[in-house]
Amino acid sequence: MLNLSRIAPGFLIGAVVACVVPALPSMAWALALGGVACLALVLRVRWLVPVAAALFGGAWLWINADAALQQRLPAAHDGRDVPMQIEVIGLPEQRERQIRFEARVVRSDVLHVGANLRLNWYAPAPDLNPGDLIEATVRPRHPRGLVNPGGFDSERHALTERIAAVGYVRTGEVVSSRVGGLDRLRGRIAERIDARVADPTIASLLRALAIGDVRGLRDDDWDVLRATGTGHLVAISGLHVGLVAAFGAWWFALLYRLFPRLGLRWPRPQAMAVGALITATAYALLAGFGVPVVRTLLMIAVALSATLLRRRIRSVDAVLIAAFVIVAIDPLSLLGAGFWLSFVGVAFLIWAMSGSEASFGGLWRAQVAMSVGLLPIGAWWFAQTSVIGFAANLVAVPWITFVIVPLLLLAMLLDAISGWSGLYAVAAALLEPLWLGLGAAATSPWAQWQFAQFGWWAMVLAVIGAAWALLPRGVPLRWAGVLLMLPLLWPQRDELADGEFELVVFDVGQGLSTLVRTREHALLYDAGARVSADFDLGDAVVVPSLHALAVRELDRLMISHLDDDHAGGRESVKQAFPDALES
């Protein structure tokens with residue numbers, strides 16, 4: 001039997017290298033490469049195993065990427081009305097004058113059966129529930145994104161989520177509803193929380209922590225979470241799934257204490273491992289089985305499998321095998337930030353915590369490891385980091401993980417058994433002071449740092465520097481690791497000479513926003529459009545692009561006229577650059 005811990009590193013390296021190839025090779029080449037790799041693995045020549053694993057990893061990613069692209073909406077039907085039957089999946093989100101939801105194609109002459117869609121249904125729209133079957137006429141289009149420095153790549157995100165098309169429902173009718181289902185149960189829990197908690201923000205946070213439902217969180221709430229570095233705690237984090245697994249193991253241990261003769265039939269450690277895996281899987285299903293939850297569940301499963309098989313497994317091997325399983329199941333997860341934040345974070349925890357004991361000092365070192373280790377990855381993906389995140393997480397992590405989440409789990413259990421939902425209000429009362437504190441801290445102008453664009457080499461050096469800085473005490477020159485992180489602060493741009501200027505036209509869709517920069521000054525002409533009450537392109541595109549281009553001060557903001565396509569993002573730009581003169 002092949003040793004997964006030997007195959008996993010090569011497979012992962014091959015898949016990562018395949019991600020940076022600028023164009024997909026033909027499927028004939030990818031299949032041939034995979035066939036050669038399989039043959040080499042079957043031959044089991046020792047030195048060929050890592051090479052074959054790398055070849056197979058690259059071929060597997062290309063094959064899956066091509067399959068995902070083949071699911072996309074054909075170009076001939078882009079923007080045209082298409083009749084189809086669809087099924088609502090997940091929890092629909094009620095917005096101003098519209099419902100946003102995801103659906104699965106049940107019948108269509110244009111799209112593949114099973115293809116995923118992200119749709120809006122504008123008023124008047126019916127109340128939608130998970131499992132609703134809809135006969136609809138949909139106007140789909142290709143997932144497209146705006147292309148800007150420092151901007152969010154929505155097209156890549158759609159690919160990783162296997163979204164075949166986006167669009168809106170022109171006409172439709174709900175023809176049947178599926179009774180029951182996990183999403184229906186999640187929707188019921190969300191309704192029970194809303195009924196017990198008056199503050200909509202606190203209710204939204206509790207829904208996120210309990211069942212991974214982030215529909216109610218506004219842009220202002222996400223700003224607070226980003227500024228304080230606590231966004232990883234919202235929805236269902238790995239800590240929460242691990243805590244539930246620990247509770248499952250504890251209950252089985254209690255069962256063996258009450259009935260000691262059970263040990264004669266099945267050893268207690270194996271029973272505790274099964275209990276932990278059952279409860280963690282049930283909680284993952286309740287949380288919507290999102291990708292971050294699945295990653296954590298697989299890590300737990302790998303670790304517990306060693307107990308079930310009565311074998312010892314190193315922490316590093318457990319992380320590698322879990323990463324291998326995830327990439328084997330979903331290779332395109334490598335294109336998302338969540339994969340890298342999860343596994344790099346766990347790797348740095350193992351690196352920094354080996355030999356540490358469970359104590360306040362251990363918690364302190366764990367928080368240092370996460371803050372320092374994830375800084376380069378966070379800067380690469382999000383171009384920002386929370387300056388106050390270390391202090392905020394020292395308070396928020398234990399409070400949410402060991403107080404709020406256990407209370408929510410107990411509240412859901414009591415609600416399911418007896419119908420009493422009073423504990424949701426208790427959890428809300430305990431969460432409110434923490435949220436008020438995070439909100440106050442987020443208002444500081446020094447709460448977060450925005451990074452300008454930097455090269456991939458700077459990120460690699462910073463990761464090495466972080467690992468160096470987190471070496472055990474007594475290793476000389478640990479402080480020198482910080483020096484390797486300094487290139488993150490060097491903008492990747494050419495300096496302008498006297499008399500030269502640079503003109504950058506931002507991609508803001510239907511509208512305009514243009515940056516004119518000289519050696520000493522920067523002028524912004526127009527600020528893009530306001531799309532809705534809680535979304536404008538000044539905040540979503542213009543401000544992040546200015547930060548990515550290392551514009552720290554804006555000398556003048558010039559608005560050509562007050563049409564929304566030109567002035568809609570003005571307030572967001574003024575908030576980010578309050579000293580800019582306006583004309």
Check whether [X] reaches the backbone of [Y] with its side chain - one donor and one acceptor, N or O, closer than 3.5 Å.
X: Arg215; Y: Pro92; result: yes
X: Arg186; Y: Ile211; result: yes
X: Trp468; Y: Ala480; result: no
X: Thr160; Y: His157; result: yes
X: Asn148; Y: Gly151; result: no
X: Ser545; Y: Pro149; result: yes
X: Gln94; Y: Gln98; result: yes
X: Lys574; Y: Ala580; result: yes
X: Arg226; Y: Thr385; result: no
X: Trp399; Y: Leu430; result: yes

Whether the Ser421 and Asp415 side chains hold a donor-acceptor pair (N or O, under 3.5 Å, no angle test) is what I'd like checked. no
Going by atom types alone, do Arg162 and Asn116 pair a side-chain donor with an acceptor below 3.5 Å? no
If every non-hydrogen atom of [X] is compared with every non-hydrogen atom of [Y], which pair is closest and at what distance?
X: Gly378; Y: Leu341; result: N-CD2, 4.4 Å
X: Ala527; Y: Val542; result: O-CG2, 3.8 Å
X: Val368; Y: Phe390; result: CG2-CE1, 3.4 Å
X: Pro398; Y: Asn393; result: CD-O, 3.7 Å
X: Ile388; Y: Ala442; result: CD1-N, 4.4 Å
X: Gly538; Y: Ser572; result: C-CB, 3.9 Å

Does the side chain of [X] reach to within under 4.5 Å of the side chain of [Y], using non-hydrogen atoms?
X: Phe454; Y: Pro487; value: no
X: Leu461; Y: Met485; value: no
X: Phe506; Y: Leu549; value: yes
X: Leu119; Y: Val166; value: no
X: Met412; Y: Leu423; value: no
X: Val214; Y: Trp222; value: yes
X: Arg218; Y: Thr201; value: yes
X: Leu205; Y: Asp221; value: no

Nearest 0.5 Å, what's the [atom1]-[atom2] distance between [X] and [Y]?
X: Leu470; Y: Ser371; atom1: CG; atom2: OG; value: 10.0 Å
X: Met272; Y: Leu254; atom1: CE; atom2: CG; value: 10.5 Å
X: Ile326; Y: Leu334; atom1: CD1; atom2: CG; value: 10.0 Å

Step by step, would you call Ile377 with Val463 a side-chain contact (heavy atoms from CB on, under 4.5 Å)? CA-CA 8 Å; Ile377 306 298; Val463 170; 4.2 Å; yes
Worked verdict on Arg100 versus Glu93 for salt bridge (charged side-chain N to carboxylate O under 4.0 Å, His left out): CA-CA 5 Å; Arg100 175 172 291 184; Glu93 179 180 358; 5.4 Å; no
Applying the ring-ring contact (aromatic ring centres under 6.0 Å, His included) test to His547, which of Phe451, Trp449, Phe577 qualifies? Phe577
Given the rule in the side-chain contact (heavy atoms from CB on, under 4.5 Å) test, do Asp153 and Leu335 qualify, once you have shown the distances and angles that lead to the verdict? CA-CA 10 Å; Asp153 192 339; Leu335 300 176; over 6 Å; no
Go through the steps for Asn129 and Val88 under the test side-chain contact (heavy atoms from CB on, under 4.5 Å), then give the verdict. CA-CA 7 Å; Asn129 295 295; Val88 178; over 6 Å; no
Would you say the ring centers of Phe339 and Phe343 fall short of 6.0 Å from each other? yes
Does atom CZ of Arg97 have more than 12 heavy-atom neighbours, drawn from other residues, nucleotides or ligands, at distances under 6.0 Å? no
For Ile400 and Leu209: C-alpha separation, side-chain torsions, deciding distance, then whether side-chain contact (heavy atoms from CB on, under 4.5 Å) applies. CA-CA 9 Å; Ile400 288 179; Leu209 291 168; 3.9 Å; yes
State whether Asp194 and Arg207 are salt-bridged, where the test is any N-O pair (Lys NZ or Arg NE/NH1/NH2 against Asp/Glu carboxylate O) under 4.0 Å. yes
